[in-house]
**Q** 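Below you'll find the structure I mean.
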Amino acid sequence: MAQYKSDFLNVLQSRGFIHQGTNLEALDERAASGVVTGYIGFDATAPSLHAGSLIQIMMLYWLQQTGHRPIVLMGGGTTKVGDPTGKDEQRKLLTDADIEQNLAGIKKAFDPFLTFGEGETDAIMVNNDDWLSHLGYVEFLRDYGVHFTINRMLTFDSVKLRLERESPMTFLEFNYMLMQAYDYLELQRRFDCVLQMGGSDQWGNIINGVELCRRVAAAKGDEQAEVFGLTTPLLTTASGKKMGKTEGGAVWLDPDLCSPYDYWQYWRNAEDADIGLLLRRFTTMPVDEIIRLEKLEGAELNEAKKILATEATALLHGRKAAEDAAETARQVFEQGHAGGDLPSITISKSALREGVQLLGPFREAGLIASNGEGLRHIKGGALKVNDALVGRDKMLSLDDLQDGVIKLSIGKKKHALIRVE
(Lines give C-alpha, C1' and ligand atoms only; values in the text may rest on other atoms or scores of the structure.)
Protein backbone atom coordinates (compact mmCIF):
# COMPACT_ATOMS: atom_id res chain seq x y z
CA MET A 1 0.00 0.00 0.00
CA ALA A 2 1.43 3.36 -1.04
CA GLN A 3 2.35 5.81 1.67
CA TYR A 4 1.62 9.45 0.94
CA LYS A 5 2.82 12.66 2.54
CA SER A 6 -0.65 14.17 2.81
CA ASP A 7 -3.28 13.06 5.29
CA PHE A 8 -5.88 13.34 2.53
CA LEU A 9 -4.43 10.68 0.22
CA ASN A 10 -3.35 8.47 3.12
CA VAL A 11 -6.91 8.39 4.44
CA LEU A 12 -8.38 7.69 1.01
CA GLN A 13 -5.84 4.94 0.37
CA SER A 14 -6.40 3.23 3.73
CA ARG A 15 -10.18 3.30 3.24
CA GLY A 16 -10.24 1.97 -0.32
CA PHE A 17 -11.28 5.11 -2.19
CA ILE A 18 -8.50 5.41 -4.77
CA HIS A 19 -8.87 3.78 -8.19
CA GLN A 20 -7.20 6.09 -10.70
CA GLY A 21 -5.53 9.47 -10.49
CA THR A 22 -3.60 11.97 -12.57
CA ASN A 23 -0.11 12.63 -11.20
CA LEU A 24 -0.90 11.54 -7.65
CA GLU A 25 2.64 12.41 -6.57
CA ALA A 26 2.14 16.08 -7.45
CA LEU A 27 -1.35 16.10 -5.92
CA ASP A 28 0.13 14.61 -2.75
CA GLU A 29 2.75 17.38 -2.60
CA ARG A 30 0.05 20.00 -3.09
CA ALA A 31 -2.20 18.52 -0.40
CA ALA A 32 0.69 18.20 2.04
CA SER A 33 1.78 21.82 1.64
CA GLY A 34 -1.52 23.74 1.68
CA VAL A 35 -5.27 23.77 1.27
CA VAL A 36 -6.56 21.99 -1.85
CA THR A 37 -9.97 22.84 -3.28
CA GLY A 38 -11.70 19.87 -4.90
CA TYR A 39 -15.15 19.17 -6.27
CA ILE A 40 -17.63 16.50 -7.29
CA GLY A 41 -20.66 17.12 -9.49
CA PHE A 42 -24.17 15.79 -8.82
CA ASP A 43 -26.84 15.99 -11.51
CA ALA A 44 -30.45 16.54 -10.45
CA THR A 45 -32.01 13.47 -12.08
CA ALA A 46 -34.04 12.35 -9.01
CA PRO A 47 -35.68 13.92 -5.95
CA SER A 48 -32.89 12.65 -3.70
CA LEU A 49 -29.49 11.04 -3.85
CA HIS A 50 -29.32 7.36 -2.94
CA ALA A 51 -26.79 5.24 -1.08
CA GLY A 52 -24.79 4.72 -4.27
CA SER A 53 -23.81 8.41 -4.11
CA LEU A 54 -22.40 8.05 -0.60
CA ILE A 55 -18.93 7.11 -1.81
CA GLN A 56 -18.67 10.52 -3.50
CA ILE A 57 -20.07 12.34 -0.47
CA MET A 58 -17.57 10.55 1.78
CA MET A 59 -14.70 11.64 -0.47
CA LEU A 60 -15.80 15.24 0.06
CA TYR A 61 -16.15 14.53 3.78
CA TRP A 62 -12.58 13.27 4.07
CA LEU A 63 -11.30 16.11 1.90
CA GLN A 64 -12.67 18.55 4.47
CA GLN A 65 -11.71 16.47 7.51
CA THR A 66 -8.06 16.45 6.38
CA GLY A 67 -7.91 20.24 6.07
CA HIS A 68 -9.10 21.03 2.53
CA ARG A 69 -12.06 22.75 0.89
CA PRO A 70 -14.84 20.77 -0.83
CA ILE A 71 -17.12 22.12 -3.54
CA VAL A 72 -20.48 20.47 -4.12
CA LEU A 73 -21.35 21.20 -7.74
CA MET A 74 -25.05 20.93 -8.39
CA GLY A 75 -25.73 20.05 -12.03
CA GLY A 76 -28.63 22.35 -12.74
CA GLY A 77 -27.19 23.00 -16.19
CA THR A 78 -25.80 19.58 -17.11
CA THR A 79 -29.05 17.89 -16.05
CA LYS A 80 -30.72 19.69 -18.95
CA VAL A 81 -28.52 17.61 -21.28
CA GLY A 82 -28.16 14.31 -19.42
CA ASP A 83 -24.98 12.31 -18.80
CA PRO A 84 -24.80 9.42 -21.32
CA THR A 85 -22.30 7.50 -19.16
CA GLY A 86 -23.47 3.94 -18.53
CA LYS A 87 -26.72 4.42 -20.45
CA ASP A 88 -28.00 2.59 -23.53
CA GLU A 89 -30.42 5.36 -24.39
CA GLN A 90 -30.89 9.04 -23.79
CA ARG A 91 -31.97 10.02 -20.30
CA LYS A 92 -35.42 11.50 -19.93
CA LEU A 93 -35.17 15.27 -20.33
CA LEU A 94 -36.54 17.11 -17.30
CA THR A 95 -38.29 20.46 -17.20
CA ASP A 96 -36.70 23.40 -15.40
CA ALA A 97 -39.32 23.03 -12.67
CA ASP A 98 -38.48 19.32 -12.22
CA ILE A 99 -34.78 20.14 -11.97
CA GLU A 100 -35.34 22.86 -9.38
CA GLN A 101 -37.51 20.54 -7.30
CA ASN A 102 -34.90 17.78 -7.47
CA LEU A 103 -32.11 20.18 -6.56
CA ALA A 104 -33.99 21.24 -3.43
CA GLY A 105 -34.25 17.61 -2.31
CA ILE A 106 -30.67 16.68 -3.18
CA LYS A 107 -29.08 19.62 -1.36
CA LYS A 108 -30.31 18.32 2.01
CA ALA A 109 -28.15 15.20 1.74
CA PHE A 110 -24.89 17.10 2.27
CA ASP A 111 -25.65 18.91 5.52
CA PRO A 112 -24.93 15.91 7.81
CA PHE A 113 -21.52 15.36 6.20
CA LEU A 114 -20.07 18.79 5.39
CA THR A 115 -19.61 22.10 7.19
CA PHE A 116 -20.63 24.97 4.91
CA GLY A 117 -19.48 28.55 5.43
CA GLU A 118 -16.99 31.23 4.53
CA GLY A 119 -13.88 29.76 6.18
CA GLU A 120 -10.80 28.57 4.34
CA THR A 121 -11.85 24.91 4.51
CA ASP A 122 -15.62 25.40 4.68
CA ALA A 123 -17.60 23.68 1.96
CA ILE A 124 -19.40 25.65 -0.73
CA MET A 125 -22.26 24.65 -3.00
CA VAL A 126 -22.59 26.06 -6.52
CA ASN A 127 -24.84 25.38 -9.50
CA ASN A 128 -23.34 25.00 -12.98
CA ASP A 129 -26.51 26.45 -14.47
CA ASP A 130 -25.14 29.82 -13.32
CA TRP A 131 -22.59 29.73 -16.15
CA LEU A 132 -23.67 27.02 -18.60
CA SER A 133 -27.02 28.63 -19.38
CA HIS A 134 -25.32 31.94 -20.18
CA LEU A 135 -22.74 30.62 -22.61
CA GLY A 136 -22.94 31.84 -26.21
CA TYR A 137 -22.98 28.75 -28.43
CA VAL A 138 -20.72 30.08 -31.17
CA GLU A 139 -18.33 31.67 -28.68
CA PHE A 140 -18.19 28.44 -26.66
CA LEU A 141 -17.36 26.34 -29.71
CA ARG A 142 -14.77 28.83 -30.93
CA ASP A 143 -13.02 29.20 -27.57
CA TYR A 144 -13.19 25.64 -26.28
CA GLY A 145 -14.30 23.30 -29.08
CA VAL A 146 -10.83 23.58 -30.61
CA HIS A 147 -9.42 21.71 -27.60
CA PHE A 148 -11.48 18.55 -28.25
CA THR A 149 -11.10 16.10 -31.11
CA ILE A 150 -13.86 13.79 -32.28
CA ASN A 151 -11.24 11.05 -32.65
CA ARG A 152 -10.44 11.09 -28.95
CA MET A 153 -14.01 11.54 -27.79
CA LEU A 154 -14.99 8.39 -29.66
CA THR A 155 -12.54 6.39 -27.53
CA PHE A 156 -14.31 7.17 -24.25
CA ASP A 157 -16.49 4.40 -22.84
CA SER A 158 -19.60 6.58 -22.58
CA VAL A 159 -19.50 6.98 -26.38
CA LYS A 160 -17.79 3.78 -27.50
CA LEU A 161 -20.17 1.42 -25.70
CA ARG A 162 -23.21 3.11 -27.19
CA LEU A 163 -21.76 2.82 -30.68
CA GLU A 164 -20.78 -0.82 -30.18
CA ARG A 165 -24.35 -1.62 -29.14
CA GLU A 166 -25.67 0.36 -32.10
CA SER A 167 -27.63 2.51 -29.67
CA PRO A 168 -28.13 6.04 -31.00
CA MET A 169 -26.35 8.89 -29.21
CA THR A 170 -27.75 12.35 -29.79
CA PHE A 171 -25.58 15.38 -30.45
CA LEU A 172 -27.06 16.81 -27.26
CA GLU A 173 -25.58 13.94 -25.21
CA PHE A 174 -22.30 14.12 -27.11
CA ASN A 175 -21.89 17.66 -25.81
CA TYR A 176 -22.18 16.57 -22.18
CA MET A 177 -18.48 15.83 -21.81
CA LEU A 178 -17.60 19.28 -23.15
CA MET A 179 -19.90 20.88 -20.60
CA GLN A 180 -18.45 18.86 -17.72
CA ALA A 181 -14.93 19.77 -18.81
CA TYR A 182 -15.93 23.43 -18.92
CA ASP A 183 -17.30 23.13 -15.37
CA TYR A 184 -13.80 22.27 -14.16
CA LEU A 185 -12.31 25.25 -15.97
CA GLU A 186 -14.94 27.57 -14.50
CA LEU A 187 -14.39 26.27 -10.97
CA GLN A 188 -10.64 26.68 -11.37
CA ARG A 189 -11.14 30.31 -12.37
CA ARG A 190 -13.68 31.13 -9.69
CA PHE A 191 -12.41 29.17 -6.69
CA ASP A 192 -8.86 28.02 -7.56
CA CYS A 193 -10.24 24.46 -7.72
CA VAL A 194 -7.49 21.99 -8.68
CA LEU A 195 -9.10 18.59 -8.07
CA GLN A 196 -12.11 16.84 -9.59
CA MET A 197 -13.22 13.56 -8.07
CA GLY A 198 -15.81 11.01 -9.16
CA GLY A 199 -16.58 7.37 -9.83
CA SER A 200 -14.44 5.31 -12.18
CA ASP A 201 -17.12 5.61 -14.88
CA GLN A 202 -16.40 9.36 -14.94
CA TRP A 203 -12.69 8.94 -15.73
CA GLY A 204 -13.02 10.02 -19.37
CA ASN A 205 -15.04 13.12 -18.45
CA ILE A 206 -12.58 14.02 -15.71
CA ILE A 207 -9.58 13.63 -18.02
CA ASN A 208 -11.30 15.95 -20.49
CA GLY A 209 -11.60 18.59 -17.79
CA VAL A 210 -7.98 18.20 -16.69
CA GLU A 211 -6.82 18.48 -20.29
CA LEU A 212 -8.99 21.52 -21.04
CA CYS A 213 -7.63 23.38 -18.01
CA ARG A 214 -4.08 22.53 -19.11
CA ARG A 215 -4.62 23.63 -22.71
CA VAL A 216 -6.28 26.91 -21.77
CA ALA A 217 -3.47 27.69 -19.32
CA ALA A 218 -0.82 26.80 -21.93
CA ALA A 219 -2.52 29.05 -24.49
CA LYS A 220 -2.03 31.90 -22.02
CA GLY A 221 1.64 31.01 -21.55
CA ASP A 222 1.28 29.27 -18.20
CA GLU A 223 2.88 25.88 -18.77
CA GLN A 224 3.25 25.16 -15.04
CA ALA A 225 -0.44 25.22 -14.10
CA GLU A 226 -1.76 21.77 -13.22
CA VAL A 227 -5.06 20.39 -12.04
CA PHE A 228 -5.81 16.83 -11.00
CA GLY A 229 -8.37 14.04 -11.33
CA LEU A 230 -9.13 11.21 -8.91
CA THR A 231 -11.65 8.37 -9.18
CA THR A 232 -13.06 5.73 -6.87
CA PRO A 233 -13.54 2.05 -7.76
CA LEU A 234 -16.84 0.93 -9.24
CA LEU A 235 -19.25 0.51 -6.36
CA THR A 236 -20.75 -2.98 -6.37
CA THR A 237 -21.47 -5.61 -3.73
CA ALA A 238 -19.49 -8.84 -3.47
CA SER A 239 -22.16 -10.60 -5.56
CA GLY A 240 -21.86 -7.96 -8.30
CA LYS A 241 -25.01 -5.95 -7.57
CA LYS A 242 -24.97 -2.18 -7.91
CA MET A 243 -24.79 -0.60 -4.49
CA GLY A 244 -27.60 1.65 -3.34
CA LYS A 245 -30.33 -0.43 -4.97
CA THR A 246 -32.56 -3.20 -3.59
CA GLU A 247 -35.36 -5.32 -5.01
CA GLY A 248 -37.66 -2.46 -4.04
CA GLY A 249 -35.64 0.28 -5.71
CA ALA A 250 -33.19 2.92 -4.57
CA VAL A 251 -32.10 3.37 -0.94
CA TRP A 252 -32.71 7.11 -0.71
CA LEU A 253 -30.79 9.46 1.58
CA ASP A 254 -33.92 11.54 2.20
CA PRO A 255 -35.68 10.29 5.40
CA ASP A 256 -39.05 11.09 3.81
CA LEU A 257 -38.28 8.54 1.08
CA CYS A 258 -36.39 5.97 3.17
CA SER A 259 -36.89 5.94 6.95
CA PRO A 260 -33.88 5.69 9.30
CA TYR A 261 -35.07 2.19 10.24
CA ASP A 262 -35.20 1.00 6.60
CA TYR A 263 -31.83 2.66 6.02
CA TRP A 264 -30.40 0.84 9.05
CA GLN A 265 -31.77 -2.43 7.74
CA TYR A 266 -30.16 -1.89 4.35
CA TRP A 267 -26.72 -1.84 5.95
CA ARG A 268 -27.60 -4.64 8.40
CA ASN A 269 -28.43 -6.86 5.42
CA ALA A 270 -25.05 -6.29 3.75
CA GLU A 271 -23.25 -9.33 2.38
CA ASP A 272 -20.67 -10.89 4.70
CA ALA A 273 -17.82 -10.39 2.23
CA ASP A 274 -18.50 -6.64 2.03
CA ILE A 275 -18.39 -5.75 5.73
CA GLY A 276 -14.77 -4.60 5.93
CA LEU A 277 -14.99 -2.48 2.79
CA LEU A 278 -18.30 -0.91 3.82
CA LEU A 279 -16.98 -0.06 7.28
CA ARG A 280 -13.96 1.62 5.70
CA ARG A 281 -15.91 3.66 3.17
CA PHE A 282 -19.14 4.50 4.95
CA THR A 283 -18.21 4.97 8.60
CA THR A 284 -15.60 7.11 10.32
CA MET A 285 -14.42 4.30 12.59
CA PRO A 286 -10.63 3.88 13.02
CA VAL A 287 -9.16 1.48 10.47
CA ASP A 288 -7.52 -0.62 13.20
CA GLU A 289 -10.95 -1.33 14.72
CA ILE A 290 -12.36 -2.13 11.27
CA ILE A 291 -9.58 -4.66 10.67
CA ARG A 292 -10.59 -6.38 13.92
CA LEU A 293 -14.27 -6.44 13.01
CA GLU A 294 -13.82 -7.76 9.48
CA LYS A 295 -12.01 -10.82 10.83
CA LEU A 296 -15.06 -11.93 12.82
CA GLU A 297 -17.04 -14.96 11.69
CA GLY A 298 -20.44 -16.53 12.25
CA ALA A 299 -22.65 -14.92 14.86
CA GLU A 300 -19.90 -12.47 15.76
CA LEU A 301 -19.96 -11.12 12.19
CA ASN A 302 -23.61 -10.20 12.76
CA GLU A 303 -22.42 -7.87 15.51
CA ALA A 304 -20.09 -6.21 13.00
CA LYS A 305 -23.06 -5.76 10.65
CA LYS A 306 -25.04 -4.06 13.42
CA ILE A 307 -22.13 -1.73 14.09
CA LEU A 308 -21.92 -0.92 10.37
CA ALA A 309 -25.67 -0.24 10.24
CA THR A 310 -25.63 2.00 13.31
CA GLU A 311 -22.53 3.97 12.35
CA ALA A 312 -23.63 4.50 8.73
CA THR A 313 -27.12 5.55 9.85
CA ALA A 314 -25.70 7.90 12.50
CA LEU A 315 -23.66 9.73 9.88
CA LEU A 316 -26.75 10.52 7.82
CA HIS A 317 -29.63 10.66 10.28
CA GLY A 318 -27.90 11.38 13.60
CA ARG A 319 -26.87 9.18 16.51
CA LYS A 320 -30.30 9.07 18.20
CA ALA A 321 -32.14 7.99 15.05
CA ALA A 322 -29.51 5.29 14.47
CA GLU A 323 -29.75 3.96 18.02
CA ASP A 324 -33.56 4.02 17.88
CA ALA A 325 -33.44 1.98 14.67
CA ALA A 326 -31.01 -0.48 16.23
CA GLU A 327 -33.26 -0.86 19.28
CA THR A 328 -36.35 -1.44 17.13
CA ALA A 329 -34.47 -4.14 15.25
CA ARG A 330 -33.29 -5.69 18.52
CA GLN A 331 -36.86 -5.88 19.82
CA VAL A 332 -38.08 -7.51 16.63
CA PHE A 333 -35.30 -10.02 16.14
CA GLU A 334 -34.17 -10.75 19.69
CA GLN A 335 -37.39 -10.38 21.66
CA GLY A 336 -39.75 -11.45 18.88
CA HIS A 337 -42.18 -8.57 19.02
CA ALA A 338 -42.89 -5.28 17.33
CA GLY A 339 -45.63 -3.54 19.22
CA GLY A 340 -46.72 -6.98 20.46
CA ASP A 341 -45.70 -10.63 20.13
CA LEU A 342 -45.29 -11.79 16.55
CA PRO A 343 -46.66 -15.10 15.29
CA SER A 344 -43.92 -17.58 14.48
CA ILE A 345 -43.37 -20.81 12.62
CA THR A 346 -40.54 -23.32 12.87
CA ILE A 347 -38.35 -24.62 10.05
CA SER A 348 -35.51 -27.10 10.39
CA LYS A 349 -31.95 -26.00 9.88
CA SER A 350 -31.47 -28.75 7.32
CA ALA A 351 -34.37 -27.41 5.25
CA LEU A 352 -32.90 -23.92 5.23
CA ARG A 353 -29.54 -25.40 4.31
CA GLU A 354 -31.17 -26.89 1.20
CA GLY A 355 -33.20 -23.75 0.50
CA VAL A 356 -36.90 -23.07 1.14
CA GLN A 357 -39.28 -21.67 -1.47
CA LEU A 358 -40.20 -18.11 -0.55
CA LEU A 359 -43.99 -18.16 -0.38
CA GLY A 360 -44.51 -21.39 1.60
CA PRO A 361 -43.55 -19.90 4.99
CA PHE A 362 -45.65 -16.81 4.27
CA ARG A 363 -48.68 -19.10 3.77
CA GLU A 364 -47.88 -21.18 6.84
CA ALA A 365 -47.57 -18.06 8.99
CA GLY A 366 -50.94 -16.80 7.76
CA LEU A 367 -49.55 -13.70 6.08
CA ILE A 368 -50.98 -14.73 2.69
CA ALA A 369 -53.76 -17.09 1.68
CA SER A 370 -52.25 -18.27 -1.61
CA ASN A 371 -49.19 -18.05 -3.85
CA GLY A 372 -51.15 -15.78 -6.17
CA GLU A 373 -51.71 -13.31 -3.34
CA GLY A 374 -48.00 -13.50 -2.51
CA LEU A 375 -47.01 -12.76 -6.10
CA ARG A 376 -49.31 -9.75 -6.13
CA HIS A 377 -47.61 -8.47 -2.97
CA ILE A 378 -44.19 -8.97 -4.58
CA LYS A 379 -45.29 -7.04 -7.66
CA GLY A 380 -46.66 -4.28 -5.44
CA GLY A 381 -43.45 -4.01 -3.41
CA ALA A 382 -44.99 -5.16 -0.14
CA LEU A 383 -43.41 -8.56 0.56
CA LYS A 384 -40.24 -8.43 2.66
CA VAL A 385 -37.71 -10.71 4.29
CA ASN A 386 -35.83 -9.11 7.17
CA ASP A 387 -37.37 -5.77 6.18
CA ALA A 388 -35.83 -5.95 2.70
CA LEU A 389 -37.99 -6.29 -0.42
CA VAL A 390 -37.40 -9.54 -2.31
CA GLY A 391 -38.23 -10.95 -5.72
CA ARG A 392 -40.21 -14.07 -6.59
CA ASP A 393 -37.02 -16.13 -7.17
CA LYS A 394 -35.78 -15.57 -3.63
CA MET A 395 -35.00 -18.78 -1.68
CA LEU A 396 -34.87 -18.66 2.11
CA SER A 397 -31.61 -20.04 3.48
CA LEU A 398 -29.36 -20.04 6.54
CA ASP A 399 -27.85 -16.80 5.23
CA ASP A 400 -31.15 -15.07 6.04
CA LEU A 401 -30.92 -15.82 9.75
CA GLN A 402 -30.54 -12.74 11.90
CA ASP A 403 -30.00 -13.44 15.58
CA GLY A 404 -31.54 -16.88 15.12
CA VAL A 405 -34.74 -15.83 13.33
CA ILE A 406 -35.99 -14.69 9.91
CA LYS A 407 -38.57 -11.91 9.83
CA LEU A 408 -41.36 -12.11 7.23
CA SER A 409 -43.47 -9.05 6.43
CA ILE A 410 -46.35 -7.95 4.23
CA GLY A 411 -46.35 -4.16 4.14
CA LYS A 412 -45.72 -2.32 7.40
CA LYS A 413 -48.21 -4.02 9.70
CA LYS A 414 -48.24 -7.80 9.06
CA HIS A 415 -45.21 -9.67 10.40
CA ALA A 416 -44.15 -13.15 11.44
CA LEU A 417 -40.94 -14.88 12.47
CA ILE A 418 -39.30 -18.09 11.30
CA ARG A 419 -37.51 -19.86 14.13
CA VAL A 420 -35.01 -22.65 13.54
CA GLU A 421 -35.16 -26.06 15.17
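In this chain, residues are counted from 1 in sequence order.
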**Q** I'd like to check Thr66 versus Ser6 (side-chain heavy atoms, cut-off strictly below 4.5 Å). Are they in contact?
**A**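 Result no, sub-4.5 Å side-chain heavy-atom pair not found.
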**Q** Would you check if the side chain of Arg281 reaches a backbone N or O of Gly16 as a donor-acceptor pair within less than 3.5 Å?
**A**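 Checking the backbone N and O of Gly16 against the side chain of Arg281, a donor-acceptor pair under 3.5 Å is found.
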**Q** Flag the pair Asn10 / Gln3 as yes when at least one side-chain heavy-atom distance between them is below 4.5 Å, and no otherwise.
**A**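 Side chain of Asn10 against side chain of Gln3, heavy atoms only: contact under 4.5 Å found.
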**Q** Any non-hydrogen side-chain atom of Gln13 less than 4.5 Å from a side-chain atom of Leu24?
**A**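 Not touching, per the 4.5 Å side-chain cut-off.
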**Q** Search all heavy atoms of Pro260 against all heavy atoms of Thr313 and return the closest pair with its distance.
**A**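 Of all heavy-atom pairs spanning Pro260 and Thr313, the closest is O-CG2, 3.9 Å.
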**Q** Rounded to the nearest 0.5 Å, how far does CD1 of Ile124 lie from OG1 of Thr37?
**A**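 Result: 7.0 Å between the selected atoms.
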**Q** Any side-chain to backbone donor/acceptor pair from Thr310 onto Ile307? Under 3.5 Å, distance only.
**A**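 Between the backbone of Ile307 and the side chain of Thr310 there is no qualifying donor-acceptor contact (under 3.5 Å).
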**Q** Is Asp387 salt-bridged to Arg268, going by a charged N under 4.0 Å from an acidic O?
**A**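 No.
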**Q** For the CD1 atom of Ile106 and the CH2 atom of Trp252, what is their distance to the nearest 0.5 Å?
**A**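 One finds 8.5 Å between CD1 of Ile106 and CH2 of Trp252.
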**Q** Which of these, Leu103, Val72, Thr79, sits in a side-chain contact (heavy atoms from CB on, under 4.5 Å) with Phe42?
**A**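 The single option meeting the side-chain contact (heavy atoms from CB on, under 4.5 Å) with Phe42 is Val72.
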**Q** Minimum heavy-atom separation for Cys193 to Ile71, with atom names?
**A**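 Distance-wise, the nearest heavy atoms are CB-CD1, 4.2 Å.
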**Q** Ignoring hydrogens and angles, state whether a donor on the side chain of Asp183 or Asn128 is under 3.5 Å from an acceptor on the partner side chain.
**A**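 A donor-acceptor contact under 3.5 Å links the two side chains.
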**Q** If every non-hydrogen atom of Ser409 is compared with every non-hydrogen atom of His415, which pair is closest and at what distance?
**A**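 Between these two residues, the closest heavy atoms are OG-ND1, 2.8 Å.
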**Q** Would you please name every residue forming a side-chain contact (heavy atoms from CB on, under 4.5 Å) with Ala416, sequence neighbours left out?
**A**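 Partners of Ala416 by the side-chain contact (heavy atoms from CB on, under 4.5 Å) criterion, ordered by chain and then number, come out as Pro343, Ala365, Leu367.
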**Q** Surrounding CD of Glu297 (heavy atoms of other residues, nucleotides or ligands, distance under 6.0 Å), is the total greater than 12?
**A**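 Not more than 12 within 6.0 Å, no.
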**Q** What pairs of residues pass the ring-ring contact (aromatic ring centres under 6.0 Å, His included) test when at least one of them lies in residues 354-381, not counting sequence neighbours?
**A**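 Residue pairs passing ring-ring contact (aromatic ring centres under 6.0 Å, His included), neighbours aside: none found.
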**Q** Hey, is CD on Glu289 packed in by over 12 heavy atoms from elsewhere, all under 6.0 Å?
**A**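 Counting neighbours around CD of Glu289, more than 12 heavy atoms of other residues, nucleotides or ligands fall under 6.0 Å, so yes.
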**Q** For Gln20, does the CD atom sit with more than 12 other heavy atoms under 6.0 Å from it, leaving out its own atoms?
**A**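 For Gln20, atom CD is crowded (more than 12 foreign heavy atoms under 6.0 Å).
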**Q** Using 30° and 60° as the class boundaries, would you call the ring planes of Trp267 and Phe282 parallel, tilted or perpendicular?
**A**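 Rings of Trp267 and Phe282: tilted, as their planes differ by 30° to 60°.
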**Q** Check this for me, if you would: do Glu25 and Arg30 make a salt bridge, where the nitrogen-to-carboxylate-oxygen distance has to be below 4.0 angstrom?
**A**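 Not counted as a salt bridge, because no side-chain N and carboxylate O are separated by less than 4.0 Å.
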**Q** Does the ring centre of Phe191 sit less than 6.0 Å away from the ring centre of Tyr39?
**A**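 No, too far apart.
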**Q** Is there a salt bridge (Lys or Arg N to Asp or Glu O under 4.0 Å) between Glu311 and Arg319? Walk through the geometry before answering.
**A** CA-CA 8 Å; Glu311 293 302 314; Arg319 180 63 57 181; 2.9 Å; yes
**Q** Taking the side chain from Asn269 and the backbone from Gln265, do they hold a donor-acceptor pair closer than 3.5 Å?
**A**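 Flag set: sc Asn269 to bb Gln265 pair under 3.5 Å.
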**Q** Any donor-acceptor pair under 3.5 Å linking the side-chain atoms of Gln180 with those of Gln202?
**A**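 The criterion, which ignores hydrogens and geometry beyond distance, is satisfied for Gln180 and Gln202.
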**Q** Any salt bridge between Lys320 and Asp324, counting N to O under 4.0 Å?
**A**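 Salt bridge between Lys320 and Asp324, a charged N being under 4.0 Å from a carboxylate O: yes.
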